[in-house]
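Shown next, in structure tokens, is the structure this report addresses.
Here the structure is a predicted model, which is why all the values come from computation and not from measurement.
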Amino acid sequence: MQGNPEFMRRAIELATENVTSGRGGPFGAVVVKDGKVIATGANQVTTINDPTAHAEVVALRNACQELGTFKLDGCELYTSCEPCPMCLAAIYWARCSAIYFGASAADATNAGFDDQFLYDELKKPMSGRTMPMANLCEQEAQKAFAAWNASTDKVEY
């Protein structure tokens, strides 16, 4: 697997500009398809008060809008830093074909970002996690899945 350094440099440039302009955190991402940049994104968590507005998620949203689809088959994602668990899951859900990253999760931790905490939390059983989790109304919740299974109009993903 070999990525294109020019696309990574663009992601790093977006991350750096985001910080120097005062718009947000040091993260940038680029979505590429067939050797062409489809969309970009930079961290917007603090500027739009959205904890999910990480650079990768912003870039995925922009790429989906640009391509008119929720599946990014054949797209590669270049990100200035190793994706956090949320972003990694979003990239998988989008069905990207490859991920290239610059800085590591350890680098993010050293800069004060708590990605490692999330990696560690996900390894624990639910009963041992910092945030309490409980199953509630499980039988009633099955109604939504029954409706989904019975639907003839659903769009599979």
Side-chain angles (χ1 to χ4, degrees), residues 1-134 144 148 154-157:
M1 186 167 122
Q2 185 176 346
N4 183 323
E6 289 306 310
F7 297 135
M8 181 56 69
R9 288 184 187 105
R10 179 65 181 128
I12 294 166
E13 181 181 287
L14 287 164
T16 305
E17 287 173 1
N18 208 45
V19 174
T20 59
S21 69
R23 289 191 302 260
F27 305 98
V30 175
V31 177
V32 175
K33 184 166 186 164
D34 300 326
K36 179 183 172 199
V37 173
I38 300 300
T40 64
N43 181 282
Q44 298 178 3
V45 171
T46 59
T47 54
I48 65 171
N49 296 318
D50 180 351
T52 69
H54 290 199
E56 297 92 337
V57 172
V58 172
L60 292 174
R61 289 174 181 162
N62 291 341
C64 288
Q65 187 170 24
E66 178 67 26
L67 296 174
T69 182
F70 58 88
K71 291 183 182 179
L72 298 177
D73 311 76
C75 290
E76 299 172 330
L77 187 121
Y78 290 78
T79 179
S80 62
C81 186
E82 185 175 354
C84 74
M86 176 188 72
C87 292
L88 185 60
I91 297 163
Y92 270 92
W93 280 121
R95 312 291 198 275
C96 290
S97 62
I99 303 168
Y100 299 97
F101 63 91
S104 70
D107 295 325
T109 298
N110 291 336
F113 294 91
D114 58 0
D115 297 23
Q116 190 59 50
F117 166 76
L118 295 172
Y119 286 111
D120 294 341
E121 278 290 293
L122 291 172
K123 293 176 188 172
K124 296 177 185 177
M126 272 193 237
S127 61
R129 292 183 183 164
T130 304
M131 186 178 298
M133 293 178 69
W148 172 260
K154 63 186 169 204
V155 176
E156 300 274 347
Y157 60 97

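- Counting heavy-atom neighbours within 6.0 Å of Met1 CE, excluding the residue itself, gives a total above 12.
- For Glu17, the CD atom counts as densely surrounded, since its 6.0 Å shell holds more than 12 non-hydrogen atoms of other residues, nucleotides or ligands.
- A ring-ring contact (aromatic ring centres under 6.0 Å, His included) with Tyr78 holds for exactly one of Phe7, Phe101, Phe27; it is Phe7.
- At least one donor-acceptor pair closer than 3.5 Å links the side chain of Ser80 to the backbone N or O of Gly28.
- The environment of NZ in Lys154 is crowded: more than 12 heavy-atom neighbours from other residues, nucleotides or ligands sit within 6.0 Å.
- Glu121 places a side-chain N or O within donor-acceptor distance of the main-chain N or O of Thr130, the cut-off being under 3.5 Å.
- Judged purely by distance below 3.5 Å, without hydrogens or angles, the side chains of Glu56 and Thr79 pair a donor atom with an acceptor atom.
- Distance check, rounded to the nearest 0.5 Å: OH of Tyr119 to CD of Glu82 gives 4.5 Å.
- Between Leu67 and Cys75 the shortest heavy-atom distance is CD1-SG, 4.1 Å.
- Separating the NZ atom in Lys33 from the CD1 atom in Ile38 is a distance of 7.5 Å, to the nearest 0.5 Å.
- Contact of the Asp115 side chain with the Cys81 side chain is not registered, since no non-hydrogen atoms from C-beta on lie closer than 4.5 Å.
- Of all heavy-atom pairs between Met86 and Pro51, the closest is CE-O, 4.0 Å.
- Of all heavy-atom pairs spanning Pro83 and Ile99, the tightest one is CG-CG2, 4.0 Å.
- Shown here is Phe70, whose CZ atom has more than 12 heavy atoms of other residues, nucleotides or ligands within 6.0 Å.
- To the nearest 0.5 Å, atoms CG (Leu122) and CG (Leu88) are separated by 10.0 Å.
- Across all their heavy atoms, Gly41 and Val58 have their closest contact at CA-CG1, 3.8 Å.
- At least one donor-acceptor pair under 3.5 Å links the side chain of Asp107 to the backbone N or O of Ser104.
- Taken to the nearest 0.5 Å, the CE atom of Met126 stands 6.0 Å off from the CZ atom of Arg129.
- Results of the side-chain contact (heavy atoms from CB on, under 4.5 Å) test with Cys96 over Leu72, Val31, Asp73 single out Leu72 as the only residue that passes.
- Residues Gln44 and Asp50 are not in side-chain contact: their nearest non-hydrogen atoms beyond the backbone lie 4.5 Å or more apart.
- Judged by distance alone, with hydrogens and angles left aside, the side-chain atoms of Arg95 form a donor-acceptor pair with the main-chain N or O of Tyr157 at under 3.5 Å.
- Looking at Tyr100 and Asn4, their side chains never come closer than 4.5 Å, going by heavy atoms from C-beta outward.
- Side-chain contact between Val30 and Leu14 is present, with at least one heavy-atom pair separated by less than 4.5 Å.
- Taking each heavy atom of Asn18 and Gly25 in turn, the nearest pair found is ND2-O, 2.9 Å.
- Judged by distance alone, with hydrogens and angles left aside, the side-chain atoms of Asn43 form no donor-acceptor pair with the main-chain N or O of Ala55 at under 3.5 Å.
- Residues Leu60 and Trp93 form no side-chain contact, since every pair of their non-hydrogen atoms from C-beta on lies 4.5 Å or further apart.
- Annotation: the span from Glu76 atom CD to Ser97 atom OG amounts to 5.0 Å, rounded to 0.5 Å.
- Side-chain atoms of Thr69 do not come within 3.5 Å of backbone N or O of Cys64 as any donor-acceptor pair.
- Residues Gly24 and Thr47 share a closest heavy-atom pair of N-CG2, 4.4 Å.
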